[in-house]
Amino acid sequence: MILVIFMVFMTLIARMTYLQWFNHEKYLSRADGNRISVQTLPPQRGHIFDRNQVLLAGSVSNYKLSFRRENIIQFDSTFEQLKTLFPEIESSLLDEFSQTLRRTPRHRDLALPYSLTEKQAAIFAAQRFRFPGVTLQAQLKRTYPLESSGVHFLGYVGRISQNDLQRLDARRYRGTEVTGKIGIERAYEDRLHGYPGLQTVESNAQGRVVRILDTIAPKQGENITLTIDSRLQRFIEEKLGDRRAAVVAISPLNGEILALVSTPTYDPNLFVDGINHTNYNALINNPNKPLINRAIRGQYPPGSTTKPFVALGALEQGAITMTERIFDPGYFEFQGHRYRNWRRQGHGWTDLKRSIVESVDTFYYKMSLDIGIDGLNSMLSPFGFGERTGIDIPGEASGILPSQEWKRATHGEPWYRGETIIASIGQGYNLVTPIQLAQATAILANRGRIIQPHLLKSENSDIQNFIDPTSELDRSDQIPIRSRNHWEYVIQGMIDSVHTPRGTAWNAGRHINDYQIAGKTGTAQVFSLHDTDFNADELDPRLHSHSLFIAFAPASNPKIAIAVIAENAGSGGRVAAPIAIETIDYYLKELDKP
Amino acid sequence: MINSWLTQKDQTYVKPRSWLASIHIDGFLFLGLLLLLTTGLITIYSASGGDLNVTKHHAIRILIALGLMVAFAQIPPRKLALITPWVFLLGILMLIAVIVFGDMGKGAQRWLDLGFIRFQPSEIMKLALPMMLAWLFAYSRYPAHPARYIVGLFIVGLTAGLIVIQPDLGTSILIAMSGLFVLFFAGLPWKMIIGALVSLAIAIPIVWNFLHGYQKQRVLTFLDPESDPLGAGYHIIQSKIAIGSGGLEGKGFMGSTQAHLDFLPESTTDFIFSVFAEEFGLIGVILLLTLYSLVLLRGLYIAYRAKEPFNRLVAASLTMTLFVYISVNIGMVSGLLPVVGLPLPLISYGGSSMVTLMISFGILMSIHTHKKLLSN
């Protein structure tokens, strides 16, 4: 038995000698060969420019600290020393990171989610010898030079989450830490991201790269140009300040969005490295809800801004003529209920044009009963109300354009005629988004030629790709016109509302002399007080009416169409109209130059 | 003779030679085991990449196993002989139960779940089968009547057959080998040995057809590991690289790049020898084999000194079983034998096999110390 054991063990030792002595070199080189690995080179993300090639989103190089556990000799003291070296890095971040690092495989690199500036990198480089296992790693970081300006259409990139992983191609995102989260960054992620490259490297026993054997360069993401004019965007943002408001300015010629403003705004740079709790909670808990993109997600009662559309529809459908007059005593009575005009004493005898200029509610109350809710619906829907415009960023709301069928489907109730009366002045169930209102205004400015609002500035073939296929609006088409005069008549009413003393926007537009603006104010009630008197100043500010204004100019040859909604800012003529008219003036005089 | 041995009353003994002997511990064996277990602990710490949790778990298992060893060392061999047939019968029933109700683990029905504990009945058989065979031959004249060998072969075949169904080819072969060792020690005639080998040669093509795909693959891969470098041959290739790259002196403690860069699979269990060989080189391997040899020699010495046939057969077969496990594991990771799932005794991470092993050492110690005291 002893002999058997001896012989077998000798055989094993002979085998080991064969492997470990005679073939040592061969296996040693193969063990090294094991350390030849393929690394992914992440692509540089494409830049985003505005229509004048102003950089909206780019990349800056910065540094990260990369940790490898197996090379760190003193785990705790390494982090203590880092805290003393960089007091500006939150110590909770470092503590959290050191916990993560302890759970990471020993030979894998893990980067601290904190971007070092050039100066910080220099400080670390000088102290490098004190940090075995920690290396500086240069990288490109997304940056938004205009900071908070335009964040609502631009969006931002953030760290790839579990949810992102499910929709992203893992191979294409190997080595990439961030992806577009919302806005343009999300919508054009596929173009902006690019394709990663490959690098075959040889690592030493510690896994550090000692030699690059082969490189396939990454393909940089596409640069994209937007239709936005960042100067106009900033001009509007400054006008609005911290007000809760949304402004959309469109070129009626081609649907290019010149400005898409939602205020208050916030800085997208906060999100790039992963936003910290303090900043995030501040944004989330802000009662003005800066994270919401009001321009495409905010849904507001359109108020009197619907009047030109209703008036036009009524003319075209023959429900009224251009000369017909209606007497306004200040209210309209129906089934024992008084529907009040905004001006208590009334406007007296009023024709359709004057009903636009002075925004005579009673006129629409009366007329709407002849038209009916489905009639109103058919007048407004060609302009895109109640439908997503299909703008090329995610998250758009659809608004509501009620009809009998809509009410039955959503509320399970029949339509009441009283509801038609309030629907005629854009109250009740009606809800629009600012982008819808701007699109409708542009179509009106175009005398019925339908445009598709979009942010990407490029050839038409591109734009076709992002039209919302579920949308019923036929965007390549023209709204049928029975009489060109009807259009000019309504538009003249809008011009008069800005340029004549009786017009609701006279105060805002009286200084405009060298061209004509066609506009319409809107005051959307948030809170219905019916017949009781109230003192507006005592009312909770959140219950104040929204101030709305739509306009396009020059009226005869429109180059810009705009919709402004200022939440709880009172009447349309007071807040929204001045902002819109100043914006138009700035754009036509300062920016729209060949 | 055996019956009188079995019915002996316990005696009060004259004072033992040392305090170790008084608790039935064989100092020589104990020292060897401690050295091996410590080597295992150190290697596991390195192979797991310095994972203190894994190392701690293993240390706890070592303590439990040592406790069981001491406990079994207290049981006089006579009592073990009395319960042997019943334990064996229970083992067989559990093997059948595994096949009928077995809990599916890793695609094989090796585990029995009793609600509070899950274990592998084949582990029990590693001890129960050699002891059963020893029991069978201990009560007969030497050499035994050929019929006994036939019964013995049947017992081996039945046990190995039940385990191979699970399917666990590796354990089944090893258990069969340990059983054949007892038959050999019991004086199995050469005629029958040759006959068994011949029938084995005939059986191979038949068994081949019953093998699972992955089992066939293992054998084929064994013949030519490089043919499937990313599949079944991967383990062997990476293991040979680890061993070979260790060289004469090794890469030093914690120096195994093969294990640390995750090239070597199962580096804390079946392939732990590769990590050891990579880090401590040929010199370390020779020292380890020397250590194993000392333990094995002590086991054989215990068998030689045992007076009762049952004790002698049990001691010899348990020792040789250990030897088979050591050589098969090292032969496997160095590419001499096909890859069968088998830990390196006393070194690998893992609870059940170590417990079985330490119990067998407890039995060895019991045989040695009780005999010694009796002889006084």
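Computation of the quantities below employed the complete heavy-atom set of this structure, encompassing side-chain atoms and omitting hydrogens, waters and symmetry-equivalent molecules. Throughout, protein chains are lettered first and strands after them, A, B, ... in sequence-line order, and every chain is numbered starting at 1.
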Practice problem: Give the member of Asn23(A), Val4(A), Leu12(A) that has the highest number of heavy-atom pairs under 4.5 Å with chain B. | Solution: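 Top option by heavy-atom pairs under 4.5 Å: Leu12(A).
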Using a 6.0 Å cut-off, check whether atom [atom1] of [X] has over 12 heavy atoms from anything other than its own residue.
| X | atom1 | result |
| --- | --- | --- |
| Tyr304(B) | OH | no |
| Leu140(A) | CG | yes |
| Glu249(B) | CD | no |
| Lys83(A) | NZ | yes |

Once you round to the nearest 0.5 Å, how far does [atom1] of [X] lie from [atom2] of [Y]?
| X | Y | atom1 | atom2 | result |
| --- | --- | --- | --- | --- |
| Ser334(B) | Ile13(A) | OG | CD1 | 12.0 Å |
| Ile330(B) | Phe9(A) | CD1 | CZ | 6.5 Å |
| Leu248(B) | Met16(A) | CG | CE | 14.0 Å |

Quiz prompt | CA sep, side-chain torsions, deciding dist, call: Ile243(B), Gln20(A), side-chain contact (heavy atoms from CB on, under 4.5 Å) | solution = CA-CA 6 Å; Ile243(B) 296 169; Gln20(A) 299 196 296; 3.6 Å; yes
Exercise. Heavy atoms only: give me the nearest His24(A)-Gly244(B) pair and the separation to one decimal.
Key: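 Of all heavy-atom pairs spanning His24(A) and Gly244(B), the closest is ND1-O, 2.8 Å.
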Quiz item: Can you name the closest pair of heavy atoms from Ser327(B) and Val8(A) and give their distance?
Solution: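 Looking at all heavy atoms of both residues, the closest pair is CB-CG1, 3.5 Å.
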Practice problem: Verify side-chain contact (heavy atoms from CB on, under 4.5 Å) between Glu278(B) and Tyr27(A), making sure each step is shown before the conclusion. | Solution: CA-CA 11 Å; Glu278(B) 187 181 359; Tyr27(A) 285 114; over 6 Å; no
Practice problem: Give, as side chain, backbone, both or neither, the part of Phe273(B) having an atom under 4.5 angstrom from any heavy atom of chain A. | Solution: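 Contact with chain A is through the side chain of Phe273(B) alone.
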Self-check item: Toward chain A, the part of Leu297(B) with a non-hydrogen atom under 4.5 Å
Solution: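 Only the side chain of Leu297(B) comes within 4.5 Å of chain A.
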Self-check item: Proximal to chain A - members of residues 282-291 of chain B, heavy-atom separation under 4.5 Å
Solution: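 Heavy-atom contacts from residues 282-291 of chain B to chain A are Leu282(B), Val285(B), Ile286(B), Leu289(B).
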Quiz item: Where the side chain of Arg15(A) meets the backbone of Leu336(B), is there a donor-acceptor pair that is under 3.5 Å apart?
Solution: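 No, the answer is negative, given that no donor and acceptor are paired below the 3.5 Å cut-off.
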Quiz item: Hey, which residues of residues 84-98 of chain A are touching chain B, say heavy atoms under 4.5 Å apart?
Solution: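 At a heavy-atom separation under 4.5 Å, chain B is reached by no residue of residues 84-98 of chain A.
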